[in-house]
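The model shown is predicted, which means the values in this text are computed figures rather than measured ones. Reminder, nothing fancy here: chain letters follow the sequence lines and each chain counts from 1.
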Protein chains: 2
Amino acid sequence: MLISTKGRYALRVLIDMAEHSGTGYIKLMDIAERQEISEKYLESIVKELVRHDIVVGLRGKGGGYKLSKEPDKIVVGDILRFMEGGLEPVACLGKQSKPCPKVSVCRTLGFWRGLNDVICQYIDKYTVADLMLTEENGNDYII
Amino acid sequence: MLISTKGRYALRVLIDMAEHSGTGYIKLMDIAERQEISEKYLESIVKELVRHDIVVGLRGKGGGYKLSKEPDKIVVGDILRFMEGGLEPVACLGKQSKPCPKVSVCRTLGFWRGLNDVICQYIDKYTVADLMLTEENGNDYII
DNA sequence: CGCATTTCCTATTATAACGGTATGTTTATA
DNA sequence: TATAAACATACCGTTATAATAGGAAATGCG
């Protein structure tokens, strides 16, 4: 499985927040209950979202979290990349990887680059707003 | 990193075998030396390739391995899928996964399906013969 | 002020996968 | 028959995953 719970849960949290926005801050417990995810585990995920300025938190009574920008400004690819710590198919394509000594004779590098490209092109095409558009039962093509 | 050493080494082994074919069976030690990969570790990878009828092994003196079919008949996607034990972005898209109870309300399923599709389309387009065509230094775009 | 509430912060943990090593058995060839 | 090779099984250290636990700090309200 390519994507871990960090990336998957993060997307679900953002969609949930977008769908329940407008009423100020949303407390994590509500999201946890709706999404059926442990509140404590969600904390560690939301912390990353705060660190990358995707959501803002407010402490104390009446506090909670809310999106720091409009859903159509949140690119899915960005979320997945920092939640997963990079999405490159192979290490040598990573941002801060030391250059591979085999780079000049490698017969697979071009293939991996191409794979990386099609993945990035796809995930950077989507925003949280796009995911919201998916209507209920829209995916359930099995009768 | 999406692809582990199993998938990466498997491709390198197959390309190596294809490039050194014609001289009958190739012993694993030669491949291990050329590819600078531990012979013992390669054994576990080649075992999978044998199990899936990609290569055939011959024991005893003068034995070794060779491809069981032409390089242009070996699809990279197939190799990666069984070496990695599936390449689906999320578990619910896997072959033998139990149906997800949230399938009818999931707002991300369509996105994941699309991602799976672009990955499969890409990796199933390549064969080992295509990887061989990559000329030396062809990837080294840094002067 | 003081209390409830809620985020924020710092561990700890169980399980599995990854990447690799070690030892030994079987089979074919020279 | 000795040798060389695949084949088989077991083991091991490290890292990542997916959480859980406990408390500190801040905010709003009566």
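D/dT27 atom C1' lies 15 Å from atom NZ of A/K66, rounded to whole Å. The distance between atom CD1 of B/I26 and atom C1' of D/dA6, rounded to the nearest whole Å, is 14 Å. The CD-P distance, from A/E39 to C/dC9, rounds to 16 Å in whole Å. Look at OH on B/Y65: it is 17 Å from P on D/dA4, rounded to the nearest Å. The separation between B/D30 atom CG and D/dA6 atom C1' is 14 Å, rounded to whole Å. Atom CG of A/L42 and atom P of D/dA19 are 10 Å apart (whole Å). Separating the CZ atom of B/R51 from the C1' atom of D/dA8 is a distance of 14 Å, rounded to the nearest angstrom. If you measure from atom CD1 of A/I45 to atom P of C/dT7, you get 14 Å, rounded to the nearest angstrom.
Within the structure, the ring pair (Phe, Tyr, Trp, His ring centres under 6.0 Å) test picks out no pair touching residues 13-36 of chain B (sequence neighbours left out). Within the structure, every pair that satisfies the side-chain hydrogen bond (donor to acceptor under 3.5 Å, both in side chains) test and touches residues 5-18 of chain B, not counting sequence neighbours, is listed here: B/T5-B/Y41, B/R12-B/Q35, B/D16-B/R34, B/D16-B/Q35.
Scanning for salt bridge (Lys or Arg N to Asp or Glu O under 4.0 Å) contacts around A/E39 gives an empty result, with sequence neighbours left out. Listed by chain and residue number, nothing satisfies the salt bridge (Lys or Arg N to Asp or Glu O under 4.0 Å) test with B/D117 (two or more places apart in sequence, or in another chain). Annotation: side-chain hydrogen bond (donor to acceptor under 3.5 Å, both in side chains) contacts of A/E84 (sequence neighbours excluded): A/S4. Taking the ring pair (Phe, Tyr, Trp, His ring centres under 6.0 Å) definition, one finds that A/H52 meets it with A/F82, sequence neighbours left out. Applying the salt bridge (Lys or Arg N to Asp or Glu O under 4.0 Å) criterion to A/E70, with sequence neighbours excluded, gives no partner residue. For A/E33, the salt bridge (Lys or Arg N to Asp or Glu O under 4.0 Å) test picks out no residue, with sequence neighbours left out.
B/M29 and B/L14 are not part of a single hydrophobic cluster, where members link through side-chain heavy atoms under 4.5 Å apart.
If you check residues 11-22 of chain A against DNA chain C, you find no residue with a heavy atom closer than 4.0 Å.
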Reading nucleotides 25-30 of chain C from the 5' end, what letters show protein touch, with B for base, S for backbone sugar-phosphate only, - for no heavy atom under 4.0 Å? -BBBBS
Output one letter per nucleotide in nucleotides 10-20 of chain C: B when a protein non-hydrogen atom lies under 4.0 Å from the base, S when only the sugar-phosphate is that close, - when neither is. B-------SBB
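Looking only at distances, a side-chain donor or acceptor of A/Y122 sits under 3.5 Å from a matching main-chain atom of B/F111.
Heavy atoms of B/K27 sit under 4.0 angstrom from primed sugar atoms or phosphate atoms, though from no base atom.
For D/dT27, neither phosphate oxygen OP1 nor OP2 lies less than 4.0 angstrom from any side-chain nitrogen or oxygen of A/Y25.
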Identify every side-chain donor-acceptor pair in residues 56-66 of chain B under 3.5 Å, counting partners at least two apart or on other chains, and give the distances.
none

